[in-house]
Student: 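Sharing a structure, written as structure tokens. Questions coming.
By convention in this document, chain letters (A, B, ...) are assigned in the order of the sequence lines, proteins followed by strands, and residues within each chain are numbered from 1.
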Amino acid sequence: MKATNLYFPTLREAPSDADIVSHQLLVRGGFIRKLAAGVYTYLPLGWKVHQKIAEIVRQEMNRIGGQEILMPALVPLELLEESGRDKVPVLFHLKDRNERDFCLGFTHEEVIADLARTDIQSWRQMPLYLYQIQTKFRDEPRPRGGLLRVREFTMKDGYSLDFEDAGLDSIFEKNHEAYARVFHRCGMEFVAVEADPGAIGGSENREFMLLAESGEDSVLQCERCGYGVNAEVAEIRPKPITVAAPDSVPSAEVVDTPGAHTVEQVCQFLKAAPQQLIKTILCRSGDRVVAALVRGDRDLCLPKLGKAVGEGLNFELADSETVERVTRAPVGFAGPVGLSGVEIIADPEVLEAADGITGANQPERHLVHVQYGRDYTATQVADIRTAGAGDGCPKCADGHYRQMNGIEVGHIFKLGLRYSKAMGVCFQDETGQNREIIMGSYGLGISRTVAAIIEAYHDEDGIAWPISVAPFDAVAIQINSDDPSQTKAAEAIYHACRSSGVDMMWDERNERPGVKFKDADLIGIPIQVVIGRGIMQGKVEIRLRSEKGHQEEVVIDGAPLRIAEIKADLLNQLKPD
RNA sequence: CGGGGUGUAGCUCAGUUUGGCAGAGCGCUUGCUUUGGGAGCAAGAAGUCGCCGGUUCAAGUCCGGCCACCCCGACCA
């Protein structure tokens, strides 16, 4: 493609609404444009990258026996009523002219289930693995971060149909391996982690996190055994607890702490360490209210609290009215001592506080010298705090977690019978029995992967795409568009490259050299060929976007071959296995 | 949904305090010069100052309402 014909409106400055790197570079480089919050147009360069990633995913899905289909984005709401997902908050609703309810698909378990219940009658028709690469719609509470969290995005979503558990286990692991190959081919490091299954449900699930500083998910991995888990749900290996002796500290005492409602303020006021504080957090699940106790320097983990209390309860922080009703004090002064009418769930670390500080359940007052066993007890002691770096791994004897930031780009689920049961998706097994189909669901966000790759591959000048996903393999930068000898050389290289399978952009614009260099760096094409002053000696320069300062001079005729070699080398480095 | 912020040329932003001709830089158009890291000179085009209403002789500026966008939180398949 000649640059004069290519629509790539680059910008010198990033728009003010972009504050993360991938968003800024995508807009500055002319890859995307915003239409509304969380809704973007892909311009030619952006769409090429998108298609390259989609094609890698497609190849790897086909490799494990997947068959590509395309389901509608427009889905009758009544289908989701069958599974009970019609009330999911991120669902986009609409009505047709006859006032019938529809929604825009946010994931397609129900559609696959509907397909399966009409077409699959026998165990002989399975296993099946069907997938699609399609636009998804989610009315996110807060779209943000350019392509990272949007309301309309592209996802590969695959669904497996099996007649036995072993088949589900097998396709689940095959997807894991295929995802590993996809990310490797995109040049990305990832960690597969256990996670909260959320609204999709099912027995087992695994998230795929691409590692990036700016990632908004906290990922923990055991440095010893490699066990990975999302910090949201990570358990901590129990360690021995020493409850302080009851008489080793003075009696509990109420002190005035005017204006101190936060851990930081209380610590400052009482000249105490956060570890001494016992945070008392009131949580609600329906009508049930519990008080959760964690050490002042720790965070409460709501999913773990729900798990500890049981019944798979979904807890949320209690509103201030509830807090005031239960503690008879404003938010910020709750404490376990004398707290009645609610269950008290304590994290084990809290018991170790020999000389604790808690809210006094009175306005502007705290209790000091508080001790577990003497001044209060818990209904239940359970691991309910958010895990972090250095905490013990629950899967091995002596490993500890290290913490990384990740971007969730894939999530796979063993759904089991969750949808088959709700929607009556049955088949006849070899004994003639009617049984429900065993399902699995496997998502991979294409557009989010685009952003994640940029988060990992950029410098102060712009993007440095891995060649497997780059919008072009190479760019020919012609320094002077008026110089006939440069034009002749550039044209020869351009045509030779194209016929040898190298996708080249030829920048023959009548612009200052600096503009062309800046644009080439910004849009991140891996191989740069500079056709300029060396032309007198019949030479051009070849540079790599990812290795600033490195360049080689080659004769004009030799350039296409060398460029093809470099492309093959770069691709080779991204080969899986 | 709660808290905070922003809305003026394609982009980045002044101007709003104290009401009085609609501004700058970048980009764009034309011409000449220039061509190895976002060129120089000259001439130009470009605006419903987010929208609606109000106050006023006069509103980008003051008042009321609404909308959009961004950030923090809640939420998040």
Student: Determine whether a donor-acceptor pair (one donor, one acceptor, N or O, separation below 3.5 Å) exists between the side chain of A/N480 and the base of B/G36.
Tutor: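 Under the 3.5 Å cut-off, the side chain and the base do not form any donor-acceptor pair.
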Student: How far does the P atom of B/G20 sit from the matching atom of B/A59, given to the nearest Å?
Tutor: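 Taking atom P in both B/G20 and B/A59, they lie 11 Å apart.
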Student: So which nucleotide from B/C69, B/C76, B/G37 ends up closest to the side chain of A/R151?
Tutor: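 The nucleotide sitting nearest to the side chain is B/C69.
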Student: State which of B/C71, B/G37, B/G36 makes the closest approach to the side chain of A/R144.
Tutor: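 Side chain of A/R144 sits closest to B/C71.
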Student: If we count only N and O atoms by modelled type, under 3.5 Å, do the side chains of A/R543 and A/H550 hold a donor and an acceptor together?
Tutor: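 No - no donor-acceptor pair under 3.5 Å links their side chains.
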Student: Quick check for you: among B/G36, B/C69, B/G38, whose closest atom lies nearest to any side-chain atom of A/R28?
Tutor: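 Among B/G36, B/C69, B/G38, the one nearest the side chain of A/R28 is B/G38.
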Student: Relative to the 5' end of RNA chain B, which residue comes earlier, A/L91 or A/P15, by the nucleotide with the nearest heavy atom?
Tutor: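 First, find each residue's nearest nucleotide; the 5'-ward one identifies A/P15.
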Student: The side chain of A/R533 is closest to which nucleotide in this list: B/G38, B/C69, B/G36?
Tutor: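 Shortest atom-to-atom distance from the side chain points to B/G36.
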Student: Does the pair A/R85/A/E109 count as a salt bridge with the N-to-O cut at 4.0 Å?
Tutor: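 Yes, charged N to carboxylate O under 4.0 Å.
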Student: With a 3.5 Å limit on both atom pairs, tell me what B/G19 is paired to, counting Watson-Crick and G-U wobble, or say none.
Tutor: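 B/G19 is unpaired by these criteria.
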Student: Does the B/U12 base have a donor-acceptor partner in the side chain of A/R12 within less than 3.5 Å?
Tutor: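 Flag unset: no donor-acceptor pair detected.
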Student: With rounding to the closest Å, how many angstrom separate the P atoms on B/G19 and B/C57?
Tutor: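 Taking atom P in both B/G19 and B/C57, they lie 15 Å apart.
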Student: For residues A/I437 and A/L417, report the shortest heavy-atom separation together with the two atoms involved.
Tutor: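 Taking A/I437 first and A/L417 second, the nearest heavy atoms are O-CD2, 3.4 Å.
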Student: B/C75 pairs with which nucleotide, Watson-Crick or G-U wobble, both distances below 3.5 Å?
Tutor: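 Across any shown strand, B/C75 pairs with none.
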Student: Step by step, work out the ring-ring contact (aromatic ring centres under 6.0 Å, His included) result for A/Y179 and A/F208.
Tutor: CA-CA 8 Å; A/Y179 280 31; A/F208 292 80; 4.9 Å; yes
Student: Would you measure the distance from the C1' atom in B/A39 across to the matching atom in B/C26 and give it in whole Å?
Tutor: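 Going atom to atom, C1' in each nucleotide, I get 14 Å.
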Student: Using the P atom as the reference point in each nucleotide, state the distance between B/G44 and B/U35 in Å, no decimals.
Tutor: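 It comes out at 28 Å once rounded to the nearest Å.
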Student: Select base, sugar-phosphate, or nothing to describe what A/G534 touches, counting heavy atoms under 4.0 Å on all strands.
Tutor: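 A/G534: base contact, heavy atoms under 4.0 Å.
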Student: Please state the P separation for the pair B/G60 and B/G54 - nearest whole angstrom.
Tutor: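 Those two atoms are separated by 15 Å.
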Student: Is it true that the NZ or CZ of A/K414 lies under 6.0 Å from the centre of A/F172's six-membered ring and within 45 degrees of the ring axis?
Tutor: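 Yes, A/K414 sits over the ring of A/F172.
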Student: Side-chain N or O of A/S16 versus OP1/OP2 of B/C11: is the shortest distance under 4.0 Å?
Tutor: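 So the side chain of A/S16 is outside the cut-off, no N or O lying under 4.0 Å from OP1 or OP2 of B/C11.
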Student: Starting from the 5' end of RNA chain B, give me the residue, A/I531 or A/A14, whose nearest nucleotide shows up first.
Tutor: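 The residue whose closest nucleotide sits nearer the 5' end is A/A14.
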Student: Closest approach to the side chain of A/D19, judged atom by atom: which nucleotide of B/C71, B/C75, B/G36 is it?
Tutor: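 Minimum distance to the A/D19 side chain belongs to B/C71.
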Student: Which residues pass the salt bridge (charged side-chain N to carboxylate O under 4.0 Å, His left out) test with A/E324, sequence neighbours left out?
Tutor: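 Expected list: none.
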Student: Tell me: CD of A/E511 to C1' of B/G37, nearest whole Å?
Tutor: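 Computing the A/E511:CD to B/G37:C1' distance gives 13 Å.
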Student: With respect to the side chain of A/P513, which nucleotide from B/G38, B/C76, B/G36 is positioned closest?
Tutor: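 Of all the options, the side chain of A/P513 is nearest to B/G36.
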Student: Look at the side-chain N and O atoms of A/K516 and state whether any lies under 4.0 Å from the OP1 or OP2 oxygen of B/U35.
Tutor: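 Looking at the OP1 and OP2 atoms of B/U35, neither is under 4.0 Å from any side-chain N or O of A/K516.
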Student: To the nearest angstrom, how far is A/Q537 atom CD from B/G36 atom C1'?
Tutor: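 For the pair A/Q537 CD and B/G36 C1', the rounded distance is 14 Å.
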Student: B/C76 C1' sits how many Å from A/H411 NE2, rounded?
Tutor: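 The answer, rounded to whole Å, is 12 Å.
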Student: Which one is paired to B/G64, where only Watson-Crick or G-U wobble pairs with both distances under 3.5 angstrom count?
Tutor: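 B/C52 is the nucleotide pairing with B/G64.
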Student: Can you figure out which of B/G38, B/U35, B/G37 approaches the side chain of A/N510 most closely?
Tutor: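 Nearest nucleotide to the side chain: B/U35.
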Student: For B/C49 versus B/G2, give the span between their P atoms, rounded off to a whole number of Å.
Tutor: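 Each nucleotide's P atom is 31 Å from the other's.
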Student: If B/A59 has a Watson-Crick or G-U wobble mate with both distances under 3.5 Å, name it; if not, just say none.
Tutor: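 Check on B/A59: unpaired, no WC or wobble geometry under 3.5 Å.
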Student: C1' atom, B/G7 versus B/G50: distance in rounded Å?
Tutor: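 Result for the C1' pair: 6 Å, nearest Å.
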Student: Under a 3.5 Å cut-off for both distances, is B/U34 Watson-Crick or wobble paired, and to whom?
Tutor: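 Per the H-bond distance test, none.
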Student: State the pairing partner of B/G44; accept Watson-Crick or G-U wobble contacts with both distances under 3.5 Å, and report none otherwise.
Tutor: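 Here B/G44 is engaged in a pair, and the nucleotide opposite it is B/C28.
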Student: Which nucleotide wins on minimum distance to the side chain of A/A37, given the candidates B/C70, B/U35, B/G36?
Tutor: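 Minimum distance to the A/A37 side chain belongs to B/C70.
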Student: Could you tell me how far apart A/E140 (CD) and B/G73 (P) are, to the nearest whole angstrom?
Tutor: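 Going from A/E140 (CD) to B/G73 (P), I get 15 Å.
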Student: Given B/C69, B/U34, B/G73, identify the nucleotide with an atom nearest to the side chain of A/D17.
Tutor: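 Nearest to the side-chain atoms of A/D17, counting from C-beta on, is B/C69.
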Student: Side chain of A/E13: nearest nucleotide among B/U12, B/G38, B/C69?
Tutor: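 The closest nucleotide is B/U12.
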Student: Side-chain atoms of residues 510-519 of chain A: list all donor-acceptor pairs with protein atoms under 3.5 Å, sequence neighbours left out, distances to 0.1 Å.
Tutor:
unit_1	atom_1	unit_2	atom_2	d
A/K516	NZ	A/Q478	O	2.6
A/K516	NZ	A/R509	O	2.6
A/D519	OD1	A/T10	OG1	3.0
A/D519	OD2	A/R509	NH1	3.2
A/D519	OD2	A/R509	NH2	3.0

Student: Within the modelled atom types, does a donor on one side and an acceptor on the other bring the side chain of A/R142 and the base of B/G3 under 3.5 Å apart?
Tutor: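 No.
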